[in-house]
Amino acid sequence: MSERLPPNPRERINRARTINFSFDGKDVEAYDGDTIGSALHASGQKVLSRSFKYHRPRGLLCCAGQCPNCLVDVDGSPGVRACTEPVRAGIKVTHMNAKPSLDFDVMRATDLFGKPFTPPGFYYKTFIRPRRLWPLYEKVLRNAAGLGRLAKRQADREWRTEYRRRRADVLVVGGGVAGMAAALRAAELGADVVLMDDGPELGGAMLAGQDADSAKELAESIRAAGVEVLAPAAALGFFDGLVPAWQGNTLHQVRADRHIAATGSIEQPLIFDGNDLPGVMLCSGAERLASLYGVRPGETAVVATTTDRGLESALALQEAGIEVAGVVDARAGDGSEELLGALAAAGISVHRGTGVVKAFGRKHVRGVVVADLDDEGRPDPASKRGIDCDLVAVSGGTMPATSLLLQAGAKARWDEASGSYLPDGVPSDIRVAGAVAGHEPRNCAAKSGAVAGAEAALSLGLGSEEDRARLQADRASLLRETEGPAPAGQARTQDAGSRNGKCFACLCEDVTTKDIDYAIEEGFDSLELLKRYTTVTMGPCQGRMCQLASIRQMSEDTGASIEEVGLTTARPPWSTVPMGVLAGRPFEPAKRSAVHGRHRELGGNVMWAGDWRRAYDYGDVRAETMAVHEGAGLIDVSTLGKLVVSGPEAGAFLNLLYPNRFDNLKPGRIRYGVLGDDAGRITDDGTICRLDENSFYVTTTSSGADAVESWFSWWLAEWKLDVQLTDVSQGLSAFNLAGPRSREILSGLTELDCSNDSFAYLDGKRANVVGVPCLMLRIGFVGELGYELHCPGPLAEHLWDSLLEAGAAHEIRPFGLEPQRILRLQKMHILVGQDTDAESNPLEAAMPWIVKFEKEEDFIGRWALEAVAERGAENKLIGFTIENGTVPTEGAAVVVDGQPVGLVTSSRFSPKLERSIGMAWVPAALAEDGTTITVSDEGRQISAAVQTAPFYDPDQELLRG
Amino acid sequence: MSFEFLAPDAASAFSGAAPAARSPIEWAQRDAGAQFTERAGWRVVADYGELAKEATACRETVGVADRSHLGKVELQGDPGVVAAAVSQLARGAALQLGTATLVDEVWWCPITAGRVLAITPPEATGQLRAELEAAVSEGPFASVVELTAALGSNAVVGPQARETFARVCALDMRPDRFLEGAFAPVSVARTPGMILRERGDQFLHLFGSGYAQYNWTVFVDAAESLGGRAVGDETLRAGKREAAARA
Ligand code: FES
């Protein structure tokens, strides 16, 4: 802790409490309240990172989380800004992007020798030939690129993150004086206000200066006024009124009726040879370090500036106990007389009309070379002279932080008077306050905030006439305060690098002024192109440190005015944010059947099936399949979509939707239906049972339930029929009890007569089974005698248990999805989406019998199906068998003369039939029983015999028996 | 009643007592140590063995309680027919979209102009269904469909209830915007749902019962992260008694 300054009243640290942590394995002592960056700097660790491309040493620059210089890894999380991250006891901090060590980085060779190979866009130009080596180049480049590494194990990368939605009347972004004044005024007028700021403490620039106490008082007032303060919470972007902000493990998503941007301004660096050396800091950064953390930014400072801001800073640094060797002011004549007088009184010499040409030193600044500047800002080589120092505090003016506003649809206009881009054309629900609006001085910023806060609240209908009058008065006085003379001095860059030196325009991406010149020479002479080509403004600072510099340089190089060069819009996120925070909690909405727990108990292999978790099998697919053939099986088919369609016109409605008839279906009877779209293509299928004169019970495929409900609702709204539709899919469980002994099992559990005479194939009956109210459908998707029992979910477990218990004597087995797929394939029952695709129609999908052209009324897809009928089927869905037991892959091609003409949609080995069976789309000419087709499957040519009738029980005797 | 196979209360005795209805979340509740009691034919979680902590959660942070046993019946038809039937059964109440009306312990929740969901204590479900059917038996067709089993429901109770919803839902639930009785169909935890503000800090979340276990896990997880927990029916009943006494 050798580099601490004497205590000052503004500091955040508690010198009575020390905390220890490690940096690159070495123990570091910090004070409670320190950031990692301040503690490291205080401990003498001035190099915190290596730069992205050239691996140059970098140290603290802004001390405000605005630049890329202090990114470190904390406990395995890369990309943490050391200058804002509070120290916690025991954390392990390590450097990023340097090998083998931060002190000695072999990749620094790219800086020393790599110049010819690393011009802008080098990755587009080099490593191209020979092409076959690209995979190798890519590997090497990927290894070299990027900042930090994620933990290898998934478990080490996971941490709990949350979304939190917040609605508010007014959202204020920015917790400086303007933001706080805005929040306070809006809250006073009755608005529900949220204020977010990226700093841990409200007050912004005030905190490091003489007004720190007022900042604290104001912060207390706004909390007392009921403002919800989110801090530190960095606003990430503006998405149609939604502003997300990252705070700890939470992503706040704030949607407000009015927004106030009080995002302040960002101090700009200066450009000279070696402007990235550790020891070169923004004036505000050096002041923050000294004031908030009591850390000496350097022993001897040279302050380089283009505005009065540098003059103020020189005084502040000297007052903090840092020797100021001189102020280098690019302005020859401008400057506040008062400040110049104070500097003279303090014994600080001011070199006017002078600029820093070079900062020198190996890993840290040891001094600067300064030179007189001509009228255009060019240094006079003859006037070069050196000043020894270990701190170069720079201030190139400020840039209003307009990025969020631009994302919200505002424009930015170049303001010659202030030498900055100010917001323009701001959307009506947004107010702008403080420095971002050009209202910089403290009193003026507070007034600006109060006006914005009042405007926001009053526009929501809050406040009184008196408040409106006060707003008018405040507006008028704000206007007077902001009129006055323009801020003295224009920010100018000083590009005077030596032949081998590097002047960095963009620290994040290591883009030098020469790179920009080079890119412009190559023709990338629009700012948008320049950005993409050189990646200037695309790094972690998102243009905060480099946008203005690149605009200015482009203006100088091309002769276009700054206004003409324009501004690019930084894309969200505007601040660095971990991907895990954006992802939020890993919700995985899954539907589960009412007896899901039983499936797990029974050893079911549970997998996804659409939105549902389903038992794929219970460990023995063959035995489960054979149980259905030989005794009985029970499968949970609760996933089926289930709709109640009722009303006097329900039959007519279904007639219009399906290609077959339903108005003539008798109550208590069931009919299969294939649903198609306007082009006659199959979209879903299922059974329909008529419950009574007015009501039908429609089942759909498991994954099609929502789409069918939407499809029905859409047509219902169109046709305006007297029909009501209710989706009961999730309320009803359904079990298919199938197998030759299913009738026997069922008969023992219900008073209903289950004989074939009384409960025939395609009958639907309502009765209680073991006391559970059921709708029983006698259908046979799996090809054996079977009953689908539909019952209320809350009673399903009792029914399931009872069926298995009663079936035990009949060797019943629960069976899963996979056995069901084998069983249905034996019957050539299609699976929509597997055996059909977006082009399949029922005429070609082996179901011409379902299309009733003789129906007098229209039905959806009729016209298209008539066209198909007229032209004849081009392709057909057929069954095939393979005697040698080979099971082709689903999706394998059916080929003729080596050319693909169709594809296999389903294929399985049938334990019952003891051969491979499948379904495939083939040209109509091949769809004849006995034809041999060739399936090309991963290099194998497999012969298969076409079969058009079901493989099992083709005459439905078992089903009907 | 046309659709008795939709109604859990249509269970009957078969070689013993009629089977009890079980919540779609029962498996998760068993794992969490729930003590069950029988109520109106339902197995309901009485508590999780920590009554005092459950009460504290509802008072100080947030409690999540399964209320899937509430009766839910949907009336659907021409808006005029629906309005007349509701008015007849709810003592003249006129429904307004966005607001549910509580009459004789039945919440009348308008989903659309022609669609109303009535939520009732479980013991009154059959009676409500019968009354609705009777109310629309004459005149233009309207459908009455039992949705008790189709919709799971959780009560989310306590000062952190809104914060719990804020983790999973974008609805503006500020007290002065989402008033007592407010009712909104809305996406919750990426699934379709409905939220009713029953009173004060007590909300009822309704969802497709297929998603019941998922929603339960999500809400209990969110509640726990805020210091809350799963609570049983006893705690809710005690809270209701306290609220009644205060009123
Ligand atoms: S020094 Fe940390 S972000 Fe600039």
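Residue numbers start from 1 in every chain, and the chains themselves are labelled A, B, ... in the order their sequence lines are given, proteins ahead of strands.
- In this structure, no portion of B:Ala17 lies under 4.5 Å from any heavy atom of chain A.
- Side chains of B:Tyr214 and A:Phe587 form a contact here, defined as non-hydrogen atoms less than 4.5 Å apart.
- Within a 6.0 Å radius of CD in B:Glu180, other residues, nucleotides and ligands contribute more than 12 heavy atoms.
- Within the 3.5 Å criterion, the main-chain N or O of B:Ala10 finds a donor-acceptor partner in the side chain of A:Asn768.
- With a 4.5 Å cut-off on non-hydrogen atoms, B:Arg167 touches chain A through its backbone and its side chain both.
- Contact count versus chain B (heavy atoms, under 4.5 Å) is highest, among A:His790, A:His596, A:Arg165, for A:Arg165.
- If you measure heavy-atom distances from A:Thr750 to chain B, the contacts under 4.5 Å come from the backbone alone.
- Within the 4.5 angstrom heavy-atom criterion, only side-chain atoms of B:Arg115, from C-beta onward, approach chain A.
- For chain B, the nearby part of A:Glu588 is the backbone; its heavy atoms alone come within less than 4.5 Å.
- At least one side-chain heavy atom of B:Ser225 sits under 4.5 Å from a side-chain heavy atom of A:Glu162.
- A:Gly748 and B:Phe14 make their closest contact through O-CZ, 3.6 Å (heavy atoms, listed as atom of the first residue, atom of the second, distance).
- For chain A, the option among B:Ala11, B:Ala166, B:Ala222 with the highest count of heavy-atom pairs below 4.5 Å is B:Ala166.
- Checked for salt-bridge contact, A:Asp169 and B:Arg177 meet the test: a charged N lies under 4.0 Å from a carboxylate O.
- Comment: A:Arg592 does not engage B:Glu26 in a salt bridge, judged by the lack of any side-chain N to carboxylate O separation of less than 4.0 angstrom.
- The number of heavy-atom neighbours closer than 6.0 Å to CG of B:Asp176, taken from other residues, nucleotides and ligands shown, is above 12.
- For chain A, no part of B:Ser23 is nearby; none of its heavy atoms comes within less than 4.5 Å.
- Using a 4.5 Å cut-off between heavy atoms, A:Val770 touches chain B through backbone and side chain atoms alike.
- Taken from CD in B:Gln213 to NZ in A:Lys591, the straight-line distance is 15.0 Å, to the nearest 0.5 Å.
- Ranking B:Val168, B:Leu147, B:Thr148 against chain A, the residue ahead of the rest is B:Val168, based on heavy-atom pairs under 4.5 Å.
- Looking at heavy atoms from C-beta onward, A:Arg166 lies out of side-chain contact with B:Glu163 at the 4.5 angstrom threshold.
- Heavy-atom proximity under 4.5 angstrom to chain A picks out B:Phe141, B:Ser143 from residues 135-143 of chain B.
- Taking chain A as the reference chain and counting heavy-atom pairs below 4.5 Å, the highest number among B:Ala189, B:Ala212, B:Ala170 is found for B:Ala170.
- In this structure, the separation between CD on A:Glu797 and CZ on B:Arg43 is 8.0 Å, given to the nearest 0.5 Å.
- When the candidates B:Pro24, B:Ala13, B:Gly77 are compared by the number of heavy-atom contacts under 4.5 Å with chain A, B:Gly77 comes out ahead.
- Contact count against chain B (heavy-atom pairs under 4.5 Å) is highest for A:Arg164 among A:Glu751, A:Arg600, A:Arg164, A:Lys642.
- In this structure B:Asp78 satisfies the salt bridge (Lys or Arg N to Asp or Glu O under 4.0 Å) test with no other residue, sequence neighbours excluded.
- Going from atom CZ of B:Phe3 over to atom OG1 of A:Thr726 covers 8.0 Å, rounded to the nearest 0.5 Å.
- Proximity to chain B (any heavy atom under 4.5 Å) is shown, for A:Ser646, by both the backbone and the side chain.
- Residues B:Phe5 and A:Cys791 fail the side-chain proximity criterion, which asks for heavy atoms closer than 4.5 Å.
- Between A:Glu601 and B:Trp27, the side chains place no donor N or O within less than 3.5 Å of an acceptor N or O (distance only, hydrogens not considered).
- Although no hydrogens or angles enter the test, the distance criterion places a donor-acceptor pair under 3.5 Å between the side chain of B:Gln76 and the main chain of A:Leu725.
- Using a 4.5 Å cut-off between heavy atoms, B:Ala18 does not touch chain A at all.
- In this structure, the side chains of A:Val772 and B:Pro19 come closer than 4.5 Å at one or more pairs of heavy atoms.
- In terms of non-hydrogen atom pairs under 4.5 Å with chain B, the most contact-rich of A:Pro794, A:Gly731, A:Ser802, A:Ala796 is A:Pro794.
- Note on B:Gly210, B:Ser12, B:Ala150: by heavy-atom pairs under 4.5 Å with chain A, the leading option is B:Gly210.
- At a 4.5 Å heavy-atom cutoff, B:Ala28 makes no contact with chain A through either its backbone or its side chain.
- Residue A:Leu775 touches chain B through both its backbone and its side chain, counting heavy-atom pairs closer than 4.5 Å.
- Considering every non-hydrogen atom in both A:Leu795 and B:Pro8, the closest pair reads CD1-O, 3.5 Å.
- Chain B forms the most heavy-atom pairs under 4.5 Å with one residue out of A:Gly793, A:Ser733, A:Ala590, A:Ser729, and that residue is A:Ala590.
- Counting heavy atoms from C-beta outward, A:Arg585 and B:Asp221 have side chains that approach closer than 4.5 Å.
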